[in-house]
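So that the names make sense, note that chain A is the first sequence line, chain B the second, and so on, each numbered from 1.
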2 protein chains.
Amino acid sequence: MAKPNIPDIVVSRLPLYLQTLNHLLREGEEVISSEELSEQVGIPAVQIRKDLSYFGGFGVKGKGYDIIHLIDSLRSILNLNQIWPMVIVGVGNLGQALIRYQGFARQGFEIVLALDINPKIIGTEIAGIVVQDVGLMESELKRSDIRIALLTVPANAAQSTADALVANGIKAILNYAPIILKLPEGVRVANIDPVLKLEHLTYYLS
Amino acid sequence: MAKPNIPDIVVSRLPLYLQTLNHLLREGEEVISSEELSEQVGIPAVQIRKDLSYFGGFGVKGKGYDIIHLIDSLRSILNLNQIWPMVIVGVGNLGQALIRYQGFARQGFEIVLALDINPKIIGTEIAGIVVQDVGLMESELKRSDIRIALLTVPANAAQSTADALVANGIKAILNYAPIILKLPEGVRVANIDPVLKLEHLTYYLS
DNA sequence: AGAAACTTGTGATTTCAATCACAACTATTA
DNA sequence: TAATAGTTGTGATTGAAATCACAAGTTTCT
Ligand SMILES: NC(=O)c1ccc[n+]([C@@H]2O[C@H](COP(=O)([O-])OP(=O)(O)OC[C@H]3O[C@@H](n4cnc5c(N)ncnc54)[C@H](O)[C@@H]3O)[C@@H](O)[C@H]2O)c1
Ligand SMILES: NC(=O)c1ccc[n+]([C@@H]2O[C@H](COP(=O)([O-])OP(=O)(O)OC[C@H]3O[C@@H](n4cnc5c(N)ncnc54)[C@H](O)[C@@H]3O)[C@@H](O)[C@H]2O)c1
């Protein structure tokens, strides 16, 4: 359960710590100081310690953090001790790449339903998932506990599709379409737009 | 030319304003107040005005902003009055989707070089681009003016590939691999990692 | 065992970004 | 024309996040 008064910017850094800790664990490390973690993750050590201290004391003075224990704690804080089923809407170039991406399942996010509007795409199988007609959204979502959606339809279909998803119980949307979605309170949206990132980068290129 | 003392967080919002203004222009709007723009973009009007005021006065008191003029100004600030050629390294699932993505060229970003290490992929043509051997990186980049790279290789190859890109003149990297790149000063990196975004979202899902 | 080195966790402080408040100007209405 | 409403641009203020500074505890060294 998310405590209400922790700055969102603090929460946003936790997945980064988790990612880096997972790397370190794979390399055989067992304990790490905030200073060493800082070098890996590129965030000041004192900020890492302060971020973690919002949730409790996970380290040992004079020693550092037990990596396995800290990973466990972060996964618990971020509600990652479960498999999160997801729906993807829009199985075009990008949608297919995301369905094939191994990185989601590896971290406990599983695409279990894929929807499209194009008859040529409906019925095809991608990485074990058979694409369904988007018209089945209501019935398919009703009999599932999916709360997360990946939105990879064209921009002009994104708002109406998002509305439909929310009407059928979706609580979080990862939106790849280059528009700003307007959704009711209580639904969380995160956007991924490479063009915005590039336009940010070019500001600094002479 | 980027003025040095403008907060990065301000710069990061400009592409968002530009995106929304482009939408409005396509819908036939000609003038917009900061208040109306605020509703579209989801950022307070006063913050939009303050952000813009770092770069000059683009509006007319009592009236608002001429959309075409403001778009022009933002494009100029962000160095978008040119075509930016880009290289992509790693032409797998994601790389192929990005090469096919129309949204880059539409905003002046053009993938002109695609590199991979896999002999089965080298030589294939995707959306008009013939994939080259990554061994040709040096010679291909030397005779080009490419300064932006899209990095879509597996995580374990990302750091070394990024180092090679930088050694060959790349100044900005859009990194899709789920690791934190360590690069010299003067090279800008932006990361796109959907898993981190999902892990941020799940914090708020009960 | 005692001293020195190391490291966490956090209240106090500083820095930076967001918001407020309003003067200056424009457009519209009567 | 004069009054009213609308809107920008920005100095002043507030608020929030980052950093500092250090007490408290642990480990290592001699
Ligand atoms: N391709 C990329 O690498 C990339 C990168 C960043 C963002 N995006 C964005 O992601 C979205 C998809 O891009 P793409 O390149 O895969 O496009 P695409 O045209 O290849 O795929 C879009 C898919 O959505 C389906 N679709 C259209 N309307 C639908 C609806 N109402 N309901 C369900 N499905 C519907 C289409 O049939 C198609 O299969 C776009 O908004 C694009 O701007 C793409
Ligand atoms: N597929 C996705 O939707 C997705 C989403 C987010 C992030 N990512 C990340 O993007 C990267 C690519 O993912 P993918 O699914 O396309 O993987 P992939 O295995 O399909 O493609 C990787 C490509 O990189 C090439 N490659 C490997 N080593 C190379 C090297 N040293 N030089 C040049 N090319 C090399 C491979 O031959 C392959 O074609 C990974 O880091 C992944 O974590 C992918």
Side-chain angles (χ1 to χ4, degrees), chain A residues 2-18 20-21 24 29-74 77 200 203, chain B residues 2-18 20-21 24 29-74 76-77 180 200 203:
Chain A
K3 292 150 204 167
N5 43 349
I6 291 164
D8 183 65
I9 195 156
V10 169
V11 177
S12 76
R13 283 190 291 263
L14 302 185
L16 215 53
Y17 304 153
L18 182 58
T20 302
L21 290 164
L24 290 164
E29 303 291 327
E30 294 186 354
V31 174
I32 192 158
S33 71
S34 61
E35 200 59 61
E36 292 168 301
L37 183 55
S38 167
E39 279 164 36
Q40 298 292 319
V41 83
I43 288 171
V46 66
Q47 189 167 62
I48 295 173
R49 295 202 301 278
K50 180 139 269 209
D51 285 353
L52 295 178
S53 78
Y54 279 100
F55 302 93
F58 303 108
V60 180
K61 289 176 186 184
K63 196 176 175 197
Y65 298 88
D66 179 274
I67 293 183
I68 289 181
H69 177 237
L70 186 50
I71 287 175
D72 272 359
S73 303
L74 287 172
I77 292 165
H200 186 184
Y203 175 83
Chain B
K3 292 149 202 166
N5 44 350
I6 290 165
D8 184 66
I9 194 157
V10 170
V11 178
S12 76
R13 283 190 291 261
L14 302 184
L16 216 53
Y17 303 154
L18 182 57
T20 303
L21 289 164
L24 290 164
E29 303 291 325
E30 293 185 356
V31 174
I32 192 161
S33 70
S34 60
E35 200 58 61
E36 291 169 301
L37 183 55
S38 166
E39 280 164 36
Q40 298 292 318
V41 84
I43 288 171
V46 67
Q47 189 167 59
I48 295 173
R49 296 202 301 276
K50 178 139 267 206
D51 285 351
L52 296 177
S53 78
Y54 279 100
F55 302 93
F58 303 109
V60 179
K61 290 177 185 182
K63 196 176 175 197
Y65 298 88
D66 179 276
I67 292 181
I68 289 181
H69 176 239
L70 187 51
I71 287 175
D72 273 359
S73 302
L74 287 172
S76 170
I77 292 165
I180 294 163
H200 185 182
Y203 175 81

Asks: Tell me the interatomic distance from B:Lys50, atom NZ, to C:dC16, atom C1', rounded to whole angstroms.
Replies: 12 Å
Asks: Mind checking which nucleotides bracket the chain A contacts on DNA chain D, 5' to 3', with an atom under 4.0 Å from a heavy atom?
Replies: D:dA17 to D:dT27
Asks: Does any part of the side chain of A:Tyr203, heavy atoms only, come nearer than 4.5 Å to the side chain of B:Pro15, both counted from C-beta?
Replies: no
Asks: Starting at atom CG of B:Asp66, determine the distance to atom P of C:dT26, rounded to an integer number of angstrom.
Replies: 16 Å
Asks: Can you give me every donor-acceptor pair (side chain of residues 59-70 of chain B, partner residue at least two apart or in another chain, under 3.5 Å) with its distance?
Replies:
unit_1: B:Asp66; atom_1: OD1; unit_2: B:Ile68; atom_2: N; d: 3.3
unit_1: B:Asp66; atom_1: OD1; unit_2: B:His69; atom_2: N; d: 2.8

Asks: Hey, which of these two, A:Gln47 or B:Gly59, hits DNA chain D nearer its 5' end, going by closest nucleotide?
Replies: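 By nearest-heavy-atom nucleotide position, the 5'-most residue is B:Gly59.
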Asks: Write down the distance between CG (B:Asp51) and C1' (C:dA18), rounded to a whole number of angstrom.
Replies: 10 Å
Asks: Rounded to the Å, how far apart are A:Glu35 CD and C:dG9 P?
Replies: 14 Å
Asks: Taking the nucleotide of DNA chain D with the closest heavy atom to each, which residue, B:Ile32 or A:Ile9, is nearer the 5' end?
Replies: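 Per heavy-atom nearest nucleotide, the more 5' residue is B:Ile32.
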Asks: Starting at atom CZ of B:Arg49, determine the distance to atom P of C:dT19, rounded to an integer number of angstrom.
Replies: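 From B:Arg49 CZ to C:dT19 P: 12 Å.
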Asks: When you compare the side chain of A:Ile43 with that of A:Tyr17, does any pair of heavy atoms fall below 4.5 Å?
Replies: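 A:Tyr17 vs A:Ile43: side chains touch.
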Asks: Could you check how far CG of B:Asn5 sits from P of C:dA17, rounded to whole Å?
Replies: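 Going from B:Asn5 (CG) to C:dA17 (P), I get 11 Å.
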Asks: Using the side-chain hydrogen bond (donor to acceptor under 3.5 Å, both in side chains) criterion, which residues pair with A:Glu36? Sequence neighbours excluded.
Replies: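 For A:Glu36 the side-chain hydrogen bond (donor to acceptor under 3.5 Å, both in side chains) partners, ignoring immediate neighbours, are A:Ser33.
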Asks: Just wondering, are more than 12 heavy atoms of other shown residues or ligands nearer than 6.0 Å to CD in A:Glu29?
Replies: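 Enclosed: over 12 neighbouring heavy atoms sit under 6.0 Å from CD of A:Glu29.
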Asks: Heavy atoms, side chains only, cut-off 4.5 Å: are B:Ile6 and B:Phe55 in contact?
Replies: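 Side-chain contact under 4.5 Å: yes.
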Asks: Would you kindly give the CD1-to-P distance between B:Ile43 and C:dT19, to the nearest whole Å?
Replies: 10 Å
Asks: Would you classify B:Val46 as touching base, sugar-phosphate or nothing, given that sugar-phosphate means primed atoms plus P, OP1 and OP2, and contacts are heavy atoms under 4.0 Å?
Replies: base
Asks: Could you tell me how far apart A:Lys61 (NZ) and C:dT8 (P) are, to the nearest whole angstrom?
Replies: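 After rounding, the reported distance stands at 11 Å.
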Asks: Determine whether A:Gln40 and A:Leu21 make a side-chain contact, defined as any pair of heavy atoms from C-beta on separated by less than 4.5 Å.
Replies: no
